[in-house]
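Read through the structure below, which is laid out as structure tokens, and then see the notes.
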Amino acid sequence: MKTNNPVCVTGASGFIAAHIVRELLEQGYRVRGTIRKNAKNYPFLLALPGAKDRLELVQADLLTTGAYDKAVDGCEYVIHTASPYKINVKNPQTDLVDPAVIGTETILESCIKSKSIKRLIFTSSIAAITDEPNSEKLFTEKDWNTMSSLDRQPYQYSKTLAEREAWDFIMHKRPKFDLVAINPVMVIGPSLGPSLNTTNQMICDIMSGVYPGIMDLNWGFVDVRDVAKAHLLAMENDAASGRYLCSAETMHMRDIVALLISSGFGKYPLPRLDLSGYAGSLLMKALSFTQPKDTGMYIRINVGRTMRLDNSKIKRELGISFMPVKESLIETVKDMEKWGHLVPKS
Ligand code: NDP
């Protein structure tokens with residue numbers, strides 16, 4: 001074990017963070033998680049094995065100066081996951097960018113004050129690497145998203161600005177602690193709590209008749225349990241440094257639908273019409289203007305392009321091996337059934 005002091009996990013109530021908390025407790029660590037509401041609202045965290053003796057939950061909001069001082073006090077490691085993950089927000093600046101960027105500054109300032117921090121593990125995203133697939137290019141940790149803005153994919157913009165803020169802070173203030181960023185792609189897998197996070201919501205949408213047909217879309221996926229492990233490995237491995245693109249493999253919408261049908265989930269209103277050819281893509285791009293702004297833009301930017309990602313650094317340096325995405329998808333869907341998120345065709 002790397003430390004006897006508590007490990008601080010911000011946004012402990014979140015889909016990814018809850019798995020990080022679970023993994024830390026399982027490995028014997030003490031954990032101090034930050035939440036926004038009263039701890040009673042998170043029975044799924046309080047019920048985790050080891051939580052009774054080794055989990056402490058403290059309240060903190062990204063937009064409150066000094067909010068994380070108490071949370072990081074006496075810790076050697078901080079895992080900063082808290083950041084709004086939403087699309088189609090009313091005000092991208094106040095709903096996404098401010099909490100992501102100001103929150104990053106707030107947590108970094110608290111880490112400096114604490115004097116005990118050795119490393120901050122920052123949950124960034126593929127969004128900070130690129131906001132669009134490029135069939136001609138293999139994306140690596142060297143790439144930065146330079147396309148997003150408040151008007152174009154503002155969630156991706158918020159993640160890019162937040163990660164840049166973190167690296168700039170380290171470069172200019174030269175604190176005693178270092179920074180390691182984990183940049184996951186679409187994170188799927190079973191949820192410890194009842195809420196449906198944004199990526200699993202997309203799988204739920206595919207199974208709920210939201211899409212008129214199978215589009216020429218593909219995504220990089222990674223299981224949430226592997227993302228949690230990656231954060232721990234980045235904490236435990238002294239040699240870890242820089243950014244880590246955290247992706248198991250990419251999968252096309254056509255293959256996702258085929259897998260779900262062949263795995264017995266055909267009772268749900270999965271799309272059957274193949275719109276993944278040239279004409280279908282043109283149609284989908286035209287129809288995208290009838291969608292909410294960010295969803296429409298996402299379709300126009302992504303349809304017809306292949307995402308290619310290099311995950312060799314994380315495998316080589318952190319020694320991680322990834323769960324096959326097909327297994328992860330099936331478990332995701334079974335978990336959504338368990339929580340009652342899916343409604344079969346009538
Ligand atoms: P969730 O929405 O499940 O979790 C987000 C967490 O951030 C919640 O704990 C939420 O608290 C907290 N949060 C949001 N706004 C604030 C705020 N103003 N003050 C304090 N806490 C706040 O998302 P995920 O678990 O999926 O995402 C976690 C991180 O991983 C994010 O940084 C996201 O960008 C990143 N990521 C996620 C991917 C995915 O596919 N899921 C892919 C790549 C990166 P509350 O519960 O109170 O709302």
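A quick note: this is a predicted structure, and the numbers were derived from the prediction, not measured. Indexing begins at 1, ligand by ligand and atom by atom, following the structure's order.
Listed by chain and residue number, nothing satisfies the salt bridge (charged side-chain N to carboxylate O under 4.0 Å, His left out) test with E165 (two or more places apart in sequence, or in another chain). Under the ring-ring contact (aromatic ring centres under 6.0 Å, His included) criterion, Y85 pairs with Y155, not counting sequence neighbours. Every residue two or more places apart in sequence or in another chain was checked for a salt bridge (charged side-chain N to carboxylate O under 4.0 Å, His left out) with K70, and none qualifies.
Protein residues with a heavy atom under 4.0 Å from ligand 1 are G11, S13, G14, F15, I16, R36, A60, D61, L62, Y68, T81, A82, S83, P84, Y85, T123, S124, S125, Y155, K159, P184, V185, M186, V187, N197, T199.
Between D310 and K142 no salt bridge is recorded (no basic side-chain N to carboxylate O distance below 4.0 Å). The pair D131-R152 meets the salt-bridge criterion, since a charged nitrogen lies less than 4.0 angstrom from a carboxylate oxygen.
The number of heavy atoms from other shown groups lying within 6.0 Å of CZ (R174) does not exceed 12.
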